[in-house]
Engineer: 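Here you go, one structure.
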Amino acid sequence: MTPAHQPQQSPLAVPMGVVVPYDMALDRELRQFSRDTFGFDQLDLLFTRTPFEPLAVTVQQAREISRPELITAAVQAVSATDPSGYVYGCTSGSFVRGLAGERRLLHAIAEAGRKAASDAAYAVESAHVYPQEHPVPVRKRTPSAVTTSGALLEAVHALGITTIAAATPYDEAIGALFGQFFAEAGVKLVHTANLGLTGRIWTVPWQTTYDLVRRADSDDAEAVVVSCTNLPTYEILDQLEQDLGKPVISANQATIWAALRRAQRDYFGPGSALRACANVTPEPVDTADREGAPPV
């Protein structure tokens, strides 16, 4: 594949703050998806987690781990490192309040990151630690923001897909909200397969996930979307696309693909559909849309 961006880029990985739920166990997989053709990480993923909650994987948990004040605090925890953008790496937490809730979450993340990084830089500058000729830069732009559900939707739209099948590790209640999220954005969910799990999703074997995606697929679906950032998919995406003859888009794959787009980097990971998709930074969502959304 010919890179969409030329070699004048910095060879350094782009720092990206990543907020994940307390039970997230696949940091390594997110890093794998960010690698270039030489095996080097293109994103320097700076992880932070939401506080522990003794909850099973349910709609209640999805709401708890995505409370805006919780996510804002997590963004602030990593903001002093001055990331170029932020990722909320949780599928259920970013679709549980619908499309309007996801957009408001994006806005909260970006604003929290901008303000916290600016405050941190100002504090250092005010301490007069650095000589005048090397001042600490104060962030003047709002950092990029990505949520996993927003990234899945972005990938589906970028591929021109209007009908999908869904493979999820959830119970039916969470799975139904996943379908509603896409329906709000004009994408029809035609078939779903769930595992019905309430925890330890990261321990699901590759073969189980492979079989789940095969069960989820439908002749009426243009692509299969695989939910949950705790469900391993890295090793099976290429095989699934080959076997099904259509795009298979997973939560972790889409999350990193979207983050790479905002960092002006190309995606080289598994999944030929997204590898071939033009790596163009998307237009930001109008803040008026966010402000008109109902409270989350």
Side-chain angles (χ1 to χ4, degrees), residues 14-21 24 43 45-51 59 62-122 138-158 177-178 180-187 229 251 254-264 280-296:
V14 178
M16 196 74 67
V18 184
V19 178
V20 293
M24 169 67 170
L43 300 177
L45 301 178
L46 309 169
F47 285 89
T48 186
R49 281 170 165 73
T50 61
V59 171
R63 288 185 173 276
E64 285 297 317
I65 60 178
S66 61
R67 286 185 287 119
E69 64 273 20
L70 203 70
I71 304 306
T72 295
V75 166
Q76 291 170 339
V78 75
S79 63
T81 59
D82 198 25
S84 67
Y86 295 88
V87 170
Y88 176 50
C90 179
T91 320
S92 62
S94 52
F95 70 66
V96 70
R97 293 178 177 86
L99 189 60
E102 189 272 338
R103 288 179 175 175
R104 289 179 68 93
L105 192 57
L106 273 181
H107 181 66
I109 291 169
E111 282 301 301
R114 180 196 60 77
K115 184 178 185 304
S118 179
D119 289 349
Y122 179 77
V138 177
R139 181 180 291 282
K140 295 183 180 180
R141 65 176 180 82
T142 300
S144 65
V146 172
T147 73
T148 296
S149 292
L152 286 168
L153 183 58
E154 184 180 320
V156 167
H157 281 162
L177 291 177
F178 188 59
Q180 290 176 26
F181 174 81
F182 279 92
E184 289 181 47
V187 179
T229 53
T255 299
I256 295 303
W257 169 81
L260 285 168
R261 292 182 98 196
R262 286 153 180 78
Q264 295 295 304
V280 179
T281 304
E283 291 294 324
V285 177
D286 191 335
T287 55
D289 291 342
R290 297 186 184 115
E291 291 169 358
V296 296

Engineer: Quick one, Pro15 and Asp82 - any side-chain contact, counting heavy atoms below 4.5 Å?
Structural biologist: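 No, side chains not in contact.
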Engineer: Look at the side chain of Arg67 and the backbone N and O of Arg63, then say whether any donor-acceptor pair between them is shorter than 3.5 Å.
Structural biologist: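 Such a contact is absent between Arg67 side chain and Arg63 backbone.
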Engineer: Classify the side-chain pair Glu102/Thr147 by whether it contains a donor and acceptor separated by less than 3.5 Å.
Structural biologist: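 On atom types as modelled, these side chains qualify, holding a pair under 3.5 Å.
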Engineer: Restricting to non-hydrogen atoms, name the atom on Leu105 and the atom on Gly93 that form the minimum distance, rounded to 0.1 Å.
Structural biologist: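 Shortest heavy-atom contact: CD2-O, 4.3 Å.
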Engineer: Say you draw a straight line from OG1 of Thr91 to CG of Leu177; how long is it, rounded to the nearest 0.5 Å?
Structural biologist: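 Thr91 atom OG1 to Leu177 atom CG measures 13.0 Å (nearest 0.5 Å).
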Engineer: For Ser92, which residues count as a side chain to side chain donor-acceptor pair (under 3.5 Å) partner, sequence neighbours excluded?
Structural biologist: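 With sequence neighbours excluded, Ser92 shows a side chain to side chain donor-acceptor pair (under 3.5 Å) to no residue whatsoever.
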Engineer: Quick one: pull up CG in Leu43 and CG in Leu260 and give me the separation to the nearest 0.5 Å.
Structural biologist: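 The CG atom of Leu43 sits 4.5 Å away from the CG atom of Leu260.
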Engineer: Looking only at non-hydrogen atoms, find the nearest pair between Pro143 and Gly85 and report the distance.
Structural biologist: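 That would be CB-CA, 4.0 Å.
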Engineer: Pair Val59, Val96 - check side-chain contact (heavy atoms from CB on, under 4.5 Å), show working.
Structural biologist: CA-CA 7 Å; Val59 171; Val96 70; 4.1 Å; yes
Engineer: Set out, in order, the CA-CA distance, both residues' side-chain angles and the distance that settles side-chain contact (heavy atoms from CB on, under 4.5 Å) for Phe181 and Val187, then state yes or no.
Structural biologist: CA-CA 9 Å; Phe181 174 81; Val187 179; over 6 Å; no
Engineer: Has the side chain of Thr229 got a donor or acceptor atom that lies under 3.5 Å from a matching backbone atom of Gly89?
Structural biologist: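 Answer holds: yes.
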Engineer: Could you tell me which residues satisfy side chain to side chain donor-acceptor pair (under 3.5 Å) with Thr255, sequence neighbours excluded, listed by chain and number?
Structural biologist: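 Thr255: side chain to side chain donor-acceptor pair (under 3.5 Å) contacts with Thr148.
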Engineer: Taking all non-hydrogen atoms of both residues, which atom of Glu184 and which atom of Ala100 are closest, and how far apart?
Structural biologist: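 Nearest pair, atom of Glu184 first, then Ala100: OE1-N, 4.2 Å.
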Engineer: Set out, in order, the CA-CA distance, both residues' side-chain angles and the distance that settles side-chain contact (heavy atoms from CB on, under 4.5 Å) for Val156 and Leu152, then state yes or no.
Structural biologist: CA-CA 6 Å; Val156 167; Leu152 286 168; 5.6 Å; no
Engineer: side-chain contact (heavy atoms from CB on, under 4.5 Å), that's the test. Do Tyr88 and Ser66 meet it? Break it down for me.
Structural biologist: CA-CA 9 Å; Tyr88 176 50; Ser66 61; 3.5 Å; yes
Engineer: Can you tell me how far the CG atom of Leu99 sits from the OG atom of Ser94, to the nearest 0.5 Å?
Structural biologist: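 Reported value, rounded in 0.5 Å steps: 11.0 Å.
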Engineer: Okay, side chain of Arg49, backbone of Val19: is any donor-acceptor separation there less than 3.5 Å?
Structural biologist: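 Not a single qualifying donor-acceptor pair exists.
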Engineer: So do the side chains of Ile71 and Thr50 get within less than 4.5 Å of each other, counting heavy atoms only?
Structural biologist: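 Sidechains of Thr50 and Ile71: in contact.
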Engineer: Just how far is it from atom OG of Ser79 to atom CZ of Arg114, taken to the nearest 0.5 Å?
Structural biologist: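 Spacing of OG (Ser79) from CZ (Arg114) equals 11.5 Å.
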Engineer: Is Thr48 reaching over with its side chain to a backbone N or O of Ala77, donor-acceptor style, under 3.5 angstrom?
Structural biologist: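 No; zero donor-acceptor contacts below 3.5 Å.
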Engineer: Could you tell me whether the side chain of Glu154 reaches within less than 4.5 Å of the side chain of Trp257, counting heavy atoms only?
Structural biologist: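 Touching, per the 4.5 Å side-chain cut-off.
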Engineer: What's the spacing between Met24 CE and Phe47 CZ if we round to 0.5 Å?
Structural biologist: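 Between atom CE of Met24 and atom CZ of Phe47 there are 6.0 Å.
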Engineer: Show the nearest heavy-atom pair for residues Ser144 and Met16, with the distance to one decimal.
Structural biologist: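 The pair with the smallest heavy-atom distance is OG-SD, 4.4 Å.
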Engineer: Under the side chain to side chain contact (heavy atoms under 4.5 Å, CB included) test, which residues partner Thr72, sequence neighbours left out?
Structural biologist: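 With sequence neighbours excluded, Thr72 shows a side chain to side chain contact (heavy atoms under 4.5 Å, CB included) to Gln76, Ala108, Ala112, given in chain and number order.
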